[in-house]
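The sequence lines fix the lettering, A, B, ..., with proteins before strands; numbering per chain opens at 1.
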4 protein chains.
Amino acid sequence: MERNRSVPSILCGMPRKREPAGAAVLQESVTSAITTALFDELAETGYARTSVDAVARRAGVGKAAVYRRWPSKQAMLLDLLETAVRRNVPEVPDSGSLAGDVRGFLDVIVAQVADPRIKRIALDMAAETTRSPDLGAALRETVAGPRRAAAATVLSRGVERGELPADIDRELGLDLLISPLLGRLLLIGGPVDDAYLTRLTTVIVAGLTSA
Amino acid sequence: MERNRSVPSILCGMPRKREPAGAAVLQESVTSAITTALFDELAETGYARTSVDAVARRAGVGKAAVYRRWPSKQAMLLDLLETAVRRNVPEVPDSGSLAGDVRGFLDVIVAQVADPRIKRIALDMAAETTRSPDLGAALRETVAGPRRAAAATVLSRGVERGELPADIDRELGLDLLISPLLGRLLLIGGPVDDAYLTRLTTVIVAGLTSA
Amino acid sequence: MERNRSVPSILCGMPRKREPAGAAVLQESVTSAITTALFDELAETGYARTSVDAVARRAGVGKAAVYRRWPSKQAMLLDLLETAVRRNVPEVPDSGSLAGDVRGFLDVIVAQVADPRIKRIALDMAAETTRSPDLGAALRETVAGPRRAAAATVLSRGVERGELPADIDRELGLDLLISPLLGRLLLIGGPVDDAYLTRLTTVIVAGLTSA
Amino acid sequence: MERNRSVPSILCGMPRKREPAGAAVLQESVTSAITTALFDELAETGYARTSVDAVARRAGVGKAAVYRRWPSKQAMLLDLLETAVRRNVPEVPDSGSLAGDVRGFLDVIVAQVADPRIKRIALDMAAETTRSPDLGAALRETVAGPRRAAAATVLSRGVERGELPADIDRELGLDLLISPLLGRLLLIGGPVDDAYLTRLTTVIVAGLTSA
DNA sequence: TTCTAATCGAGACGGTACGTCCCGTCTTGCC
DNA sequence: GGCAAGACGGGACGTACCGTCTCGATTAGAA
């Protein structure tokens, strides 16, 4: 039942307790068949048009097997996003300079959103956030949290090195590191190539220094 | 028949040509009843859970009246967004300084996304963009276009005043003006108050100057 | 407005009185276009699937033009049946013998139901009769009445000639003349050729004589 | 799954084969709830105005449950008619005389058409027959067939007893037994009481004898 | 090993919404 | 006023999913 435990409790009606006596256990083969089918279905039809029926059919699995693992279509999607995103926890190596660290951080973000499926689900979830505050909180904790922590490290190193003032506005700094790139990647949609990242790094460093 | 003409052709099957002879005409009273009902329904139930049946019922209107105007639920929503967004074309007065113009521009964005319904629909549409490139193009033209134009004006004035280098990277400049705030408003979700905007203005100006 | 006068008042919500003063008049060309289109539509799609919209479209006529003439789809159909049926009022010439008259009467019935469209509408109307007693009465008066009158003439001549007893059961006699053939034509559906009619004439005469 | 098997294949898209493995099965309780609701609805509103929505609502059942059993409203109605009609297969006991057998046969017909719902559906189906030859064939086989067989028995017994000539025209004899009464019951609509049946028996016997 | 309980695929269940079609009425502008 | 065109409110059609529930058959832990 680790599966359901990985979904924040807000998102599940009630995570099963269980395993009392002569119990059976969710078969991993079934779980992974569903996961694969879901990813394929998402890639083909998109989130809004993905149906549980279709996923189960594609996985050669009964619908009940899906609902035994996740309490709803949304929870299933969310769990998927989280897993995919968790697989790539941002880890920004100390490059020795603020500019290097900033560029490293940007590269990590780009790498993570490179998969268009991630982009889709992320946007869908962001949209859903406006309806469900609980979901927003869950996402902020599991998805945004680790990323902001990594960004905070970049800022801290800058302060330690003396490249940034000690009283820098952390909140604004984090936004400056994350938002411009994320906004372009998810909302604006223009190309994000090496040159762009290089110039973006420059202006972010300038911005941070002035903050 | 301005109604359907206002929807980009990609979004409707085919905008009606019409008015051959003694023709009937979509009644404005019905259109506005539907629009009102749709906005109310969106506010109450959210995009995903808004049904055409419910909108028609609330408007005291037959379902056919809806489908006579828009070819699908999606097209209806989209047209709505466009209309709402078009009602508030950004107009940044010349404040005499780059910092003033930047702040003015940020204020306009905040004002437009203030209505949480706009925020919802905007995110839903952004999400849909990842599935339908045509839709993305339409949105970029009608929604993003005017905003980027306003931002471009801010940059131009800065160059004229000598506050910005003449060879400034326009693309990056526009992103810097738009993305950080939009990212926070739509994706990150923290508070955006006067103090935040003031500090954001500072770092943007710093960033632009260095670009 | 003779048109609507021909529909029994039971079938129309309220037959127009009209022609009071500076009145306009329904154009005969439109009426006949509708009639033709209706017949064609019936022949192609059948009663149940015939829609007023389709008839009007085929006639190149506005729907209102139809509803100006008949209060409902059903009334229109009924009026049509009545007209078609009235065009061919049964007229059984005195052949000089009971057997000859009976055969003549049967021939008239066969001729009238020969058109499969008449058969369809007749059955549809019979079916509708079970729901609407008023319609039943109207049909009995305008459709069945004249036919039973013609059959009654056959019986009367037989009595006059002395071929039938004077106290013959008229009701049963009429049924015997009409039902067997009508039942076969409309309900059973087997072939009705000359030989069949000859033999049927024989048994009907035998039956009548014994009544 | 006998339900769908009982519907002639012409009427259903394709009767389900089924029961491959641990399969689900249409629940009899639901089927009978639908059947009851349908009969009630027919009695109240009549065939043409009976809607699947209303039947499902009255049965406390989802619309899908109906469409899982029958492919269309029409097929459902037809299956119903067949079932109702099959429940009462005509069985004419040997009364020892032709007149007695004829009267017995007439009584059976009257009994079967006594339920006005049967009458309605029968006429509706007869009407539909003119549009769909396949339906006509199906009805002739399942509905008319057994009745004509029973009538044939009456004729055979008459021949055996020497009351009828051995070379009697069977086809015409069957028509004479069935059509007059059916015509009156379904098409003409006058009263059919004991006296009427008595006299009708007399003329039919006379007709048969002369055939 | 045997028992036993939760698993499995399959799919029926009550619902809700979809987008289409038609009914009979109403509206608009031309004649 | 009639006319063609067609929008109107209403409501049924048949389809597709949702999330739940029910079947036998299978499988795996506890006794």
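- Rounded to the nearest 0.5 Å, atoms CD1 (D/Ile34) and CE (D/Met76) are 8.0 Å apart.
- Within a heavy-atom distance below 4.0 Å of DNA chain F, the residues of residues 58-66 of chain A found are A/Lys63, A/Ala64.
- Distance alone, capped at 3.5 Å, is enough to place a donor-acceptor pair between the B/Ser32 side chain and the B/Ser29 backbone.
- To the nearest angstrom, C1' of E/dA17 lies 12 Å from CE of B/Met76.
- Atom C1' of nucleotide E/dC8 and atom CD1 of A/Ile34 are separated by 11 Å, given to the nearest angstrom.
- In terms of heavy-atom proximity, C/Thr50 sits nearest to C/Lys73 at O-NZ, 2.8 Å.
- Checking F/dT27, E/dG19, E/dG24 against every side-chain atom of A/Gln27, the shortest atom distance belongs to F/dT27.
- Counting to the nearest Å, the P atom of F/dC8 and the CZ atom of B/Arg57 are 19 Å from each other.
- A straight line from CG of A/Leu26 to C1' of E/dA5 spans 14 Å, rounded to a whole angstrom.
- For B/Arg49 and E/dC18, the CZ to P distance is 13 Å, given to the nearest whole Å.
- Residues satisfying the side chain to side chain contact (heavy atoms under 4.5 Å, CB included) criterion with A/Ala37, sequence neighbours excluded, are A/Val55, A/Arg58, A/Ala59.
- Between B/Arg69 and F/dC8 there is a side-chain N or O to OP1 or OP2 distance below 4.0 Å.
- Here C/Thr35 contributes atom OG1 and C/Asp79 contributes atom CG; the two are 8.0 Å apart, rounded to the nearest 0.5 Å.
- Here the CZ-CG distance, from A/Arg68 to A/Leu26, works out to 7.5 Å after rounding to the nearest 0.5 Å.
- For C/Asp53, the side-chain atoms get nearest to E/dC23 when compared with the rest of E/dG14, E/dC8, E/dC23.
- The end-to-end axis angle of the helix from E/dC3-F/dG29 to E/dC31-F/dG1, rounded to 10 degrees and based on five pairs per end, is 30°.
- Among the protein residues, A/Thr50 comes within range of the sugar-phosphate backbone only, with heavy atoms under 4.0 Å from sugar or phosphate atoms but none that close to a base.
- Between A/Arg68 and E/dA6, a side-chain N or O to OP1/OP2 separation shorter than 4.0 Å is absent.
- Rounding to whole angstrom units, CG of residue D/Leu38 and P of F/dA12 are separated by 15 Å.
- What you find for C/Thr45 and C/Glu41 is that their closest heavy atoms are OG1-O, 2.5 Å.
- Which of E/dC18, F/dC13, E/dG24 sits closest to the side chain of C/Tyr67 comes down to E/dG24.
- The side chain to side chain contact (heavy atoms under 4.5 Å, CB included) test applied to B/Lys63 returns B/Val52, B/Asp53, B/Ala56, B/Tyr67, not counting sequence neighbours.
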